[in-house]
Amino acid sequence: MAEGSRGETVVARRAVRAAAAVVMTAGVLVPGTAAGDQVPGWQRVGDGITGGVSGVAAVQDAPVGPHRAEVIVVKDNKKDGQPRVSAIELRPDGPPEVRDLRWEDPAGRAPPRDLEALDAVPGQRDQYLALASEGTVYRIVVTGGTATVQGDPLSLPGKLPGDDYESFAVFQHTSGQLFAVWASRGKSELASLVRAAPLTLGVGTPIVTEEFAVPFPDEDEVRHISDLKVRQDGTVLVSSASDPNVDDGPFSSAVYDAGRLVVSSERRPVLELKTPGQLTALRQFDKQDNRKIEAILFLPDGQQLWGTDDENNGGSVRFDQVTR
């Protein structure tokens with residue numbers, strides 16, 4: 001697809017709904033559960049409209065085990081005095097320990113509005129890249145209860161009018177080269193646009209752009225990509241969510257293996273994404289579950305972690321184990 005042109009949506013919504021009826025029955029889930037079943041194990045990590053989780057990254061080299069992890073999360077808060085970043089310790093023998101961090105910017109700039117995604121910088125302990133919804137990337141260092149901005153914020157290249165972003169991931173190739181992958185969230189008939197570029201001191205010019213749409217959710221305002229992460233083998237995992245734009249919901253969500261990011265012999269990123277008819281939900285939550293997943297994470301021991309921004313219902317996280 002040519003940069004700057006959205007074109008038609010990937011498929012008609014009616015066709016997507018028909019595909020969903022077939023695809024979702026084949027979901028690959030934890031043994032003993034079925035697509036649409038309510039899955040136990042959610043842990044509350046924030047209360048009310050300011051307590052949601054909109055992005056998550058693991059603390060590098062922190063202990064990881066069954067239902068145990070240390071993570072950093074960002075929140076989509078907008079007003080002064082509301083937390084932007086929190087540290088969370090999750091453990092199997094007690095409730096989550098949540099610590100809101102101070103946002104500090106040596107340049108004196110106001111805190112960002114609407115942080116929506118977070119990923120760690122590989123090999124650089126305590127360093128993260130946080131993305132605001134309008135397409136601004138902040139490099140932050142998290143130490144001693146503070147998230148400190150490093151350098152000037154960066155603006156994502158290739159933005160189109162009306163783009164809204166909820167996902168940003170960093171992928172390290174076996175050569176050691178870093179790549180950034182991000183996506184507009186999309187909106188119902190409008191597919192998400194997924195982009196990839198080399199990541200050096202900033203975010204490089206997009207080399208590849210691909211459309212992506214999901215078969216489920218298929219009601220209300222569908223956000224085709226509410227978060228995105230890339231595994232070490234190049235697998236692209238995305239979450240999708242629907243929002244009736246009512247702060248009490250009900251919401252619905254799904255998590256998908258969306259395809260692969262590969263790197264060519266010329267060290268250029270190539271996105272090989274699936275079409276809606278090829279997608280199989282790894283996990284789905286319907287309106288009865290009422291979960292709006294906006295943060296996903298692969299943990300080193302093979303677990304996954306989902307994080308939600310359930311608006312008036314606060315934020316929750318859940319460990320999971322899904323297979324492809």
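Only a predicted model underlies this, so the values are computations on that prediction, with no experimental measurement involved. When a residue number appears, it is its place in the shown sequence, counting from 1.
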For the residue pair D301 / Q303, report whether a side-chain donor-acceptor contact shorter than 3.5 Å exists. yes
Does a salt bridge link R195 with E210, judged by any charged N lying under 4.0 Å from a carboxylate O? no
Please say whether more than 12 non-hydrogen atoms of neighbouring residues, nucleotides or ligands are located less than 6.0 Å from NZ in K274. yes
Do the charged groups of K159 and D163 touch, with an N to O distance under 4.0 Å? no
Taking it one step at a time, do V98 and V73 satisfy side chain to side chain contact (heavy atoms under 4.5 Å, CB included)? CA-CA 10 Å; V98 181; V73 305; over 6 Å; no
Between the side chains of R139 and Q124, is a donor N or O closer than 3.5 angstrom to an acceptor N or O? yes
Pairwise side-chain contact, T136 with L154, heavy-atom cut-off 4.5 Å (strictly under): no
Please verify the inter-ring angle class for F179 with H173; under 30° counts as parallel, over 60° as perpendicular, anything in between as tilted. perpendicular
Same cluster for F251 and I293 if Ile/Leu/Val/Met/Phe/Trp/Tyr side chains link at under 4.5 Å? no
Nearest heavy-atom neighbours spanning P217 and S242: CB-CB, 3.5 Å
Hey, what do you get for CD (E211) to CG (L193), rounding to the nearest 0.5 Å? 6.0 Å
From OG1 (T308) to CD1 (I296), nearest 0.5 Å: 13.5 Å
Using the rule that Ile, Leu, Val, Met, Phe, Trp and Tyr join whenever any side-chain heavy atoms are under 4.5 Å apart, tell me whether Y128 and V71 fall into a single cluster. no
Is it true that a side-chain atom of Q321 and a backbone atom of G302 form a donor plus acceptor pair closer than 3.5 Å? yes
Strictly below 4.0 Å, N to O, side chains only: are E294 and K292 in salt-bridge contact? yes
Taking side chain as C-beta onward, heavy atoms only, is V56 less than 4.5 Å from I72? no
What heavy-atom pair brings D119 and A169 nearest, and what distance separates the two atoms? OD2-CA, 3.3 Å
For the residue pair A180 and L199, what are the closest heavy atoms and their distance? N-CB, 3.9 Å
Is the shortest side-chain heavy-atom distance between Y165 and E134 below 4.5 Å? no
Given side chains that start at C-beta, do those of S86 and K75 come closer than 4.5 Å, heavy atoms only? yes
Return yes if some donor-acceptor pair links the side-chain N/O of Q278 with the main-chain N/O of T275 below 3.5 Å, else return no. yes
Within a radius of less than 6.0 Å around CZ of R268, do more than 12 heavy atoms belonging to other residues, nucleotides or ligands occur? no
Using the rule that Ile, Leu, Val, Met, Phe, Trp and Tyr join whenever any side-chain heavy atoms are under 4.5 Å apart, tell me whether L228 and V208 fall into a single cluster. yes
Under 3.5 Å, is there a donor-acceptor pair between the side chain of Q304 and the main chain of V322? yes
Presence of salt bridge, R185 and E221, under 4.0 angstrom: yes
Could you tell me whether the side chain of R231 and the main chain of L237 form a donor-acceptor pair under 3.5 Å? no
Should V149 and W103 count as side-chain neighbours, where that means a heavy-atom distance under 4.5 Å? yes
Between atom CG of D310 and atom OG of S316, what is the distance when rounded to the nearest 0.5 Å? 5.5 Å
Side chains of S192 and S184: donor-acceptor distance under 3.5 Å anywhere? no
Heavy-atom pair with the smallest gap, counting every atom of T50 and Q82: CG2-NE2, 3.5 Å
For a quick test of reading the model, state the closest non-hydrogen atom pair linking P250 to N290 and the distance between them. CA-OD1, 3.0 Å
Distance alone, cut at 3.5 Å: any donor-acceptor contact between the side chains of S226 and S239? yes
Can you confirm whether R267 sits close enough to S175 that some side-chain heavy atom of one is under 4.5 Å from a side-chain heavy atom of the other? yes
Any sub-3.5 Å donor-acceptor pair from Q172's side-chain atoms to V170's backbone N or O? no
Can a salt bridge be assigned to the pair K287 and D289 using a cut-off of 4.0 Å between side-chain N and carboxylate O? no
Could you give me the CA-CA distance, side-chain angles and deciding distance for V142 and L101, then say whether side chain to side chain contact (heavy atoms under 4.5 Å, CB included) is met? CA-CA 8 Å; V142 175; L101 305 178; 3.5 Å; yes
I'd like to know whether Q150 forms a side chain to side chain contact (heavy atoms under 4.5 Å, CB included) with I140, so could you lay out the CA-CA distance, the side-chain angles of the two residues, the decisive distance to 0.1 Å, and finally the verdict. CA-CA 6 Å; Q150 304 292 298; I140 59 175; over 6 Å; no
Short side-chain to backbone donor-acceptor contact, Q60 and V121, under 3.5 Å: yes
Residue pair D247, I49: steps toward the side chain to side chain contact (heavy atoms under 4.5 Å, CB included) verdict: CA-CA 8 Å; D247 287 342; I49 199 75; 3.9 Å; yes
Side-chain touch V194/I225, heavy atoms, less than 4.5 angstrom: yes
Would you please name every residue forming a ring pair (Phe, Tyr, Trp, His ring centres under 6.0 Å) with H67, sequence neighbours left out? F319
Check whether L271 and F171 end up in the same hydrophobic cluster, where Ile, Leu, Val, Met, Phe, Trp and Tyr are linked by side-chain heavy atoms less than 4.5 Å apart. yes
According to a hydrophobic-cluster definition based on side-chain heavy atoms being under 4.5 Å apart (Ile, Leu, Val, Met, Phe, Trp, Tyr only), do V236 and V214 belong together? yes
Measuring from L131:CG to S167:OG, what's the distance to the nearest 0.5 Å? 7.5 Å
K229 vs V181 side-chain heavy atoms within contact, under 4.5 Å: no
For residues S133 and D114, is any side-chain donor paired with an opposing acceptor at under 3.5 Å? yes
Charged tip of R291 within 45° of W42 ring normal and under 6.0 Å: yes
Write out all pairs satisfying salt bridge (charged side-chain N to carboxylate O under 4.0 Å, His left out) with one or both partners inside residues 47-57, taking only residues at least two apart or from two chains. R44-D47
Please round to the nearest 0.5 Å and tell me the distance separating atom CZ of F168 and atom CG of L118. 10.0 Å
Interatomic spacing from CG in D220 to CG in D243 - rounded to 0.5 Å: 7.5 Å
Restricting to non-hydrogen atoms, name the atom on L115 and the atom on V74 that form the minimum distance, rounded to 0.1 Å. CB-CB, 4.0 Å
Do you see a donor-acceptor pair shorter than 3.5 Å between the side chains of R102 and T146? yes
Surrounding CG of D80 (heavy atoms of other residues, nucleotides or ligands, distance under 6.0 Å), is the total greater than 12? no
